[in-house]
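Report on one structure; see the data block that follows.
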Amino acid sequence: MTPHLLDKLNPEQLAAVTLPAQHALILAGAGSGKTRVLITRIAWLISTNQATPQGILAVTFTNKAAKEMLTRLSAMLPINVRGMWIGTFHGLCNRMLRAHHRDAGLPQLFQILDTADQQAAIKRLLKALNVDDEKFPPRELQHFINAQKEQGLRPAAVEAWDDYTRRRVELYAAYEQQCQREGVVDFAELLLRCYELLERNEPLRRHYQARFRHILVDEFQDTNVLQYRWLKLLAGHAEGGRAAGLPQGAASHDPEPRSSGCIFAVGDDDQSIYGFRGAEVGNMRDFEREFEVANIIRLEQNYRSHGNILDAANAIIKHNERRLGKNLWTDAGAGEPIRVFEAFSDGDEARWIVEEVRALSRDGHTRREIALLYRSNAQSRILEHALFSAGIPYRVYGGLRFFERQEIKHALAYLRLIANSDDDTAFARVVNFPARGIGARSIEQLQDAARAAGSSLFAAIPQVPGKAGASLAAFAALIDKMRPAMDLPLPELVEHVVELSGLRQHYQNEKEGQERLANLDELVNAATSFVAEEGRELPESEDGEATGEPTGELSADLAAFLTHAALEAGEHQAGEGDDALQLMTVHSAKGLEFNVVFMSGMEEGLFPHENSILEAKGLEEERRLMYVAVTRARQRLYLSFAQTRMLHGQTRYGLSSRFIDEIPGELLKWLTPKAKKGGYAYEAADAFTPSPRPRAGGGGERGGLRVGQSVAHAKFGQGVIVNAEGSGSDARVQVNFGPAGMKWLALSVAKLEAL
DNA sequence: TTTTGAGTCCTTTTT
DNA sequence: GGACTCAAAA
């Protein structure tokens, strides 16, 4: 027992940590010590012998959070956390599927498709079935399939209302067959397959139910339908109606005796920002009702931010209607006001940030403690450019991840082919890369042969006659030649494959190949550190699986590495230890905190993003995102926006974000003169041709129209011009008509009346 | 078959 | 601004 474990907790935190073994819901505001409560709870359960490390399952959403949990836990307790079931939903499901791959109907070395792989697989499928990808855009189909899976729906269970959807369901079914044949699994499939495994296999389900006495869930507000059902299954909570979408109710109390664990869920409905990928805030309410949660504890004291920052966050989130309700407070002082800066252009904004960062550095702030946040990844480029020119070290999270770079994916595809030659996605990726004279026609022949034989592309190679067949056979020979290298240690295997595949040679010959070569070397390093990594989980052997398989331990290394590459694509970052400025999207900033936060791009259409402005639901999610952004800051918060911004090669004119207006004025300190809304916009009257350095205010106007101008339209009603492009007779304006939506109107056609 | 160049669409956020 | 697709030329 570690007596000082509970020392520094406040009464609410203490109550949460030491709750009896019942279902519990902790509503934890930003910075209220949520993670701390979760970790201390685990430590407390173990050190008071209420649970064994093996009896605990703790699940998070990001690898970052899972890793942190493991580190902090091992600092608290003198135990080996290695074998513990702590990880992301995807990671834990993967682990379960690997352990019971046969019961789950998967090959032992099944591969995981990331988003790009999945899209490639769908494109390949559409091509093979001769489906018009104009009518069924791969991206859209991908979303459709994932959405169904996240609802827990197999093709047979999807209700198709129209022909279009019926066809999409057919394609969904075909996609499933393809994946099954190739032995690959996409992200959503990991969860669904694991859920079905537990649901159908009663002994297995009982085994895990009996084992996991305590199930702890971080960021519960981000769970989707399927994840919630998975949790229910593990906690032995019977599902109501089996049919999808049926509200339970009939079976609200346990038919099975309580032979299983209880759920300790921690969440903050105000920080639910993953609705776009199926997260259901409603799960919090459902959980409360279905599990008859007696213990709801609110953690409202914030230990992170100064008062002004917190007041701003509270003021913003108050504009949302659907809330469980909670108000953060702090006993730290009010602190500094929130600084607001208006820039002429995105470039000016970036340069101003650079200057401000320099000043902060002079004042003794560490760069590591300064974060630069933005709404979308595309915004990072201009910031990076300015920082790079200024010689300020920085580190970008997210964006193009290491394992998503093309040269890395190519190398991994060779490795995947070695592990599983049926992996057609990997096959298609590298069969002609580097170029070896196998073009579209040869592939087509091969595909026909494969379809006729019902086999994978690789297996169908001997079927192809002639010259194409010879080239293909040479490729097959190449892969076969690589295979013995599986007996080498992983880093050497990677090195070997980079060499034999001709990738190294290829990039050496390429003009821009230097960086790619460096990345391939980095991949070897990544393999080295992966093998050396201490905290890596060992292959599960408790259920007698994974014995007697022909595959040796080394290929288990390979499989684990490939899994790591797919599941933890973002984890591998160079320059981790440096004192660098932190750049990331608001989404990836969740769960982190910094002394100083710059929130850039505070413009209507960007933040809130124009795609979400129209529906209340979308806008509320944007607002929660803003709430997350604001609450990342401990001492100082900057909000900045630009009047013009380059977006997809076009100049866009922005208004300041409504979220700035939602902060009480007395909390703000304008670093530039505050203009009246709509009034500051320079007139774009010159037929809206963007001028390089727009003048502010004044000047003549044409037809009384300019960005920020209120207008009236006969059909759509009143609105505000938010954007403009083109000139002369091509001039078009984008108008936000509020309830009637966002419209692009040609000035020569639409009759707009200036108000 | 491969390479190159013009043209198109894109972009929200992540495991 | 860039990744990707498709057409024409080597």
Side-chain angles (χ1 to χ4, degrees), chain A residues 59-66 87-94 112-120 123 127 133-134 137-139 143 146 149-150 185-191 219 222-224 226-227 271-279 346 373-382 384-385 397-401 403-406 432-444 467-468 471 510 563-571 584-591 601 605-613 618 621-622 624-626 628-629 645-652:
Chain A
V59 63
T60 65
F61 279 84
T62 65
N63 296 301
K64 215 187 281 171
T88 62
F89 277 99
H90 294 86
L92 295 178
C93 286
N94 172 60
I112 299 171
L113 300 184
D114 68 14
T115 311
D117 292 333
Q118 187 187 27
Q119 202 174 1
K123 277 184 190 163
K127 210 164 208 173
D133 58 4
E134 301 269 285
R139 252 185 91 82
H143 283 308
N146 290 338
K149 289 191 180 186
E150 277 157 12
V185 164
D186 59 45
F187 285 143
E189 183 74 22
L190 280 173
L191 299 177
E219 310 276 16
D222 286 333
T223 51
N224 63 31
L226 182 56
Q227 285 159 340
Q271 291 189 68
S272 160
I273 53 176
Y274 286 106
F276 69 92
R277 65 166 188 211
D346 45 359
L373 307 184
Y374 34 82
R375 173 68 237 272
S376 61
N377 279 308
Q379 287 165 253
S380 78
R381 249 181 34 79
I382 188 144
E384 283 185 65
H385 179 76
Y397 289 78
L400 185 59
R401 298 161 149 77
F403 285 107
E404 288 171 356
R405 290 168 191 280
Q406 67 151 349
N432 196 34
F433 193 97
R436 44 177 76 88
I438 302 172
R441 272 251 290 292
S442 312
I443 302 290
E444 231 164 82
K467 205 167 155 239
S471 319
E510 213 170 56
T563 301
H564 165 76
L567 241 37
E568 291 160 53
E571 293 305 287
M584 67 193 87
T585 63
V586 183
H587 279 89
S588 35
K590 185 155 108 169
L606 200 61
F607 195 16
H609 196 275
E610 58 193 339
N611 294 0
S612 23
I613 283 179
E621 178 147 322
E622 294 286 306
R624 290 192 293 269
L625 200 51
M626 179 65 187
V628 169
R645 181 175 296 274
M646 284 289 276
L647 214 61
H648 345 129
Q650 262 187 352
T651 308
R652 310 237 307 188

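Protein chains get the first letters and strands the later ones, always in sequence-line order, with residue 1 at the start of each.
At the heavy-atom level, D114(A) lies nowhere under 4.0 Å from the strands shown. Residue contacts for R139(A): at a heavy-atom cut-off of 4.0 Å it reaches the sugar-phosphate backbone alone, with no base atom in range. Using a 4.0 Å heavy-atom criterion, one finds that L606(A) contacts no nucleic acid atom at all. Counting non-hydrogen atoms under 4.0 angstrom, F89(A) reaches nothing in the nucleic acid.
In terms of the salt bridge (Lys or Arg N to Asp or Glu O under 4.0 Å) criterion, residue partners of E621(A) (sequence neighbours excluded) are, by chain and number, R624(A). Under the salt bridge (Lys or Arg N to Asp or Glu O under 4.0 Å) criterion, R405(A) pairs with no residue at all, not counting sequence neighbours. Residues forming a side-chain hydrogen bond (donor to acceptor under 3.5 Å, both in side chains) with R436(A) (at least two apart in sequence, or on another chain): Y414(A). Here T62(A) pairs with nothing under the side-chain hydrogen bond (donor to acceptor under 3.5 Å, both in side chains) rule; sequence neighbours left out. In this structure, the salt bridge (Lys or Arg N to Asp or Glu O under 4.0 Å) partners of D117(A), at least two apart in sequence or on a different chain, are K409(A), R416(A). In terms of the side-chain hydrogen bond (donor to acceptor under 3.5 Å, both in side chains) criterion, residue partners of S380(A) (sequence neighbours excluded) are, by chain and number, E384(A). Every residue meeting the salt bridge (Lys or Arg N to Asp or Glu O under 4.0 Å) condition with E622(A), not counting sequence neighbours, appears here in chain and number order: R375(A).
Between S588(A) and dT14(B) there is a side-chain polar atom (N or O) within less than 4.0 angstrom of OP1 or OP2. Note on S442(A): a side-chain N or O is less than 4.0 Å away from OP1 or OP2 of dT1(B). Taking 4.0 angstrom as the limit, T115(A) places none of its side-chain polar atoms (N or O) nearer than this to OP1 or OP2 of dT14(B). In terms of phosphate contacts, N377(A) brings no side-chain nitrogen or oxygen within less than 4.0 Å of OP1 or OP2 of dT11(B).
For A435(A), the side-chain atoms get nearest to dT2(B) when compared with the rest of dT2(B), dT13(B), dT15(B). Proximity note for F276(A) (side chain, C-beta onward) versus dT1(B), dT14(B), dT15(B): the nearest is dT14(B).
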Handout entry: Strand DNA chain B in bracket notation, Watson-Crick/G-U under 3.5 Å with | for pairs to another chain
Key = ||||||||||.....

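First and last contacts of DNA chain C with chain A, using any nucleotide atom under 4.0 Å from a protein heavy atom and ordered 5' to 3', fall at dG1(C) to dT5(C).
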